[in-house]
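Quick note: residue numbers are just sequence positions, from 1.
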Amino acid sequence: QVQLVESGGGLVQAGGSLRLSCAASALTFSRYTMGWFRQALGKEREFVALISWIGDNTYYQDSVKGRFTISRDNAKSTVYLQMSSLKPEDTAVYYCAANTGMSAFKGAYDYWGRGTQVTVSS
């Protein structure tokens with residue numbers, strides 16, 4: 001059974017940094033595009049970033065460009081999201097997800113983790 005497990009969330013002050021990790025199991029990890037999404041309270045789940053199978057292509061939501069960096073380690077079946085210069089509006093539950101295409105559309109993703117909470121205080 002495929003599992004995606006996020007970790008690294010927490011409470012941080014505005015301007016601070018966090019690094020999220022997502023470990024995959026029972027998945028041919030290197031064949032999947034990995035994405036990060038987030039969902040703030042009362043809002044729709046939205047795309048944050050994605051990285052291609054071998055990590056040569058990345059794509060970001062405009063609001064996080066220059067502040068967030070997605071990366072992956074296929075040997076460890078893990079994807080990361082380095083978040084810097086965090087803002088209160090980044091507060092959300094962050095989810096990782098896997099899909100076989102290169103889509104920012106949440107409906108295209110086959111597998112999802114349960115999420116990790118990120119809270120940015122002002």
Side-chain angles (χ1 to χ4, degrees):
Q1 183 177 354
V2 173
Q3 280 195 314
L4 301 177
V5 180
E6 302 93 339
S7 61
L11 174 64
V12 63
Q13 288 189 330
S17 299
L18 281 175
R19 188 195 196 202
L20 305 184
S21 300
C22 171
S25 58
L27 184 74
T28 307
F29 187 75
S30 61
R31 295 184 181 178
Y32 283 82
T33 291
M34 297 302 296
W36 285 97
F37 291 76
R38 66 186 180 186
Q39 188 166 15
L41 196 62
K43 294 188 177 181
E44 293 287 321
R45 191 170 300 189
E46 64 175 4
F47 168 77
V48 175
L50 67 81
I51 186 167
S52 59
W53 306 273
I54 59 172
D56 57 340
N57 286 303
T58 57
Y59 182 64
Y60 297 90
Q61 183 199 105
D62 285 348
S63 70
V64 307
K65 283 181 182 176
R67 300 190 298 121
F68 291 11
T69 302
I70 189 170
S71 62
R72 67 190 295 160
D73 185 338
N74 285 350
K76 295 182 179 180
S77 297
T78 301
V79 61
Y80 306 97
L81 186 68
Q82 178 68 48
M83 306 186 294
S84 302
S85 302
L86 283 160
K87 304 175 181 180
E89 51 264 44
D90 294 317
T91 294
V93 177
Y94 283 71
Y95 299 88
C96 71
N99 96 99
T100 54
M102 275 287 288
S103 176
F105 175 52
K106 61 188 177 185
Y109 283 74
D110 304 302
Y111 303 106
W112 291 84
R114 293 188 174 184
T116 185
Q117 176 71 47
V118 172
T119 303
V120 184
S121 63
S122 56

Quiz prompt | ILVMFWY network linking Tyr60 to Val48, side-chain heavy atoms under 4.5 angstrom | solution = yes

Practice problem: For the pair Thr119 (side chain) and Thr91 (backbone), establish whether a donor and an acceptor sit closer than 3.5 Å, ignoring hydrogens and angles. | Solution: no

Can you list, pair by pair, the side-chain donor-acceptor contacts under 3.5 Å of residues 7-29, counting residues two or more places apart and other chains?
none

Quiz item: What do the steps show when you test Asp90 against Met83 for side-chain contact (heavy atoms from CB on, under 4.5 Å), and what is the final call?
Solution: CA-CA 10 Å; Asp90 294 317; Met83 306 186 294; over 6 Å; no

Practice problem: Not counting sequence neighbours, list each pair that qualifies as a ring-ring contact (aromatic ring centres under 6.0 Å, His included) and has a residue in residues 65-106. | Solution: none

Quiz item: OH of Tyr111 to CG of Asn99: how many Å apart, nearest 0.5 Å?
Solution: 11.5 Å

Quiz item: How long is the span from the CD atom in Gln3 to the OG atom in Ser77, to the nearest 0.5 Å?
Solution: 13.0 Å

Quiz prompt | Closest contact, heavy atoms only, Arg72 versus Ile51 | solution = NH1-O, 3.5 Å

Exercise. Answer yes if Tyr32 and Leu4 sit in the same cluster of Ile, Leu, Val, Met, Phe, Trp and Tyr residues linked by side chain heavy atoms under 4.5 Å apart, and no otherwise.
Key: yes

Self-check item: Pairwise distance OG(Ser52) to CG(Asn57) - rounded to 0.5 angstrom
Solution: 4.5 Å

Exercise. Supply the atom-to-atom distance Thr33 OG1 to Ile54 CD1, rounded to the nearest 0.5 angstrom.
Key: 10.5 Å

Quiz prompt | Gln82 CD to Arg67 CZ distance, which is reported to the nearest 0.5 Å | solution = 12.0 Å

Exercise. Would you please name every residue forming a salt bridge (Lys or Arg N to Asp or Glu O under 4.0 Å) with Lys65, sequence neighbours left out?
Key: Asp62

Exercise. Flag the pair Thr100 / Arg31 as yes when at least one side-chain heavy-atom distance between them is below 4.5 Å, and no otherwise.
Key: no

Quiz item: About how many Å separate CE of Met34 and CG of Asn74, when rounded to the nearest 0.5 Å?
Solution: 9.5 Å

Exercise. Examine Leu81 and Trp53 and state if one hydrophobic cluster contains both, with Ile, Leu, Val, Met, Phe, Trp and Tyr joined whenever side-chain heavy atoms are less than 4.5 Å apart.
Key: no

Quiz item: Which pairs count as salt bridge (Lys or Arg N to Asp or Glu O under 4.0 Å) when at least one residue sits in residues 102-122, sequence neighbours excluded?
Solution: Glu44-Lys106

Quiz prompt | All ring-ring contact (aromatic ring centres under 6.0 Å, His included) counterparts of Phe37, not counting sequence neighbours | solution = Phe47, Tyr109, Trp112

Quiz item: What residues form a salt bridge (Lys or Arg N to Asp or Glu O under 4.0 Å) with Glu46, not counting sequence neighbours?
Solution: Arg38

Quiz item: Do Thr78 side-chain atoms and Lys76 backbone N/O form a donor-acceptor pair below 3.5 Å?
Solution: yes

Exercise. Determine, using the 4.5 Å side-chain heavy-atom cutoff (strictly less than), whether Trp36 and Val5 are members of one ILVMFWY cluster.
Key: no

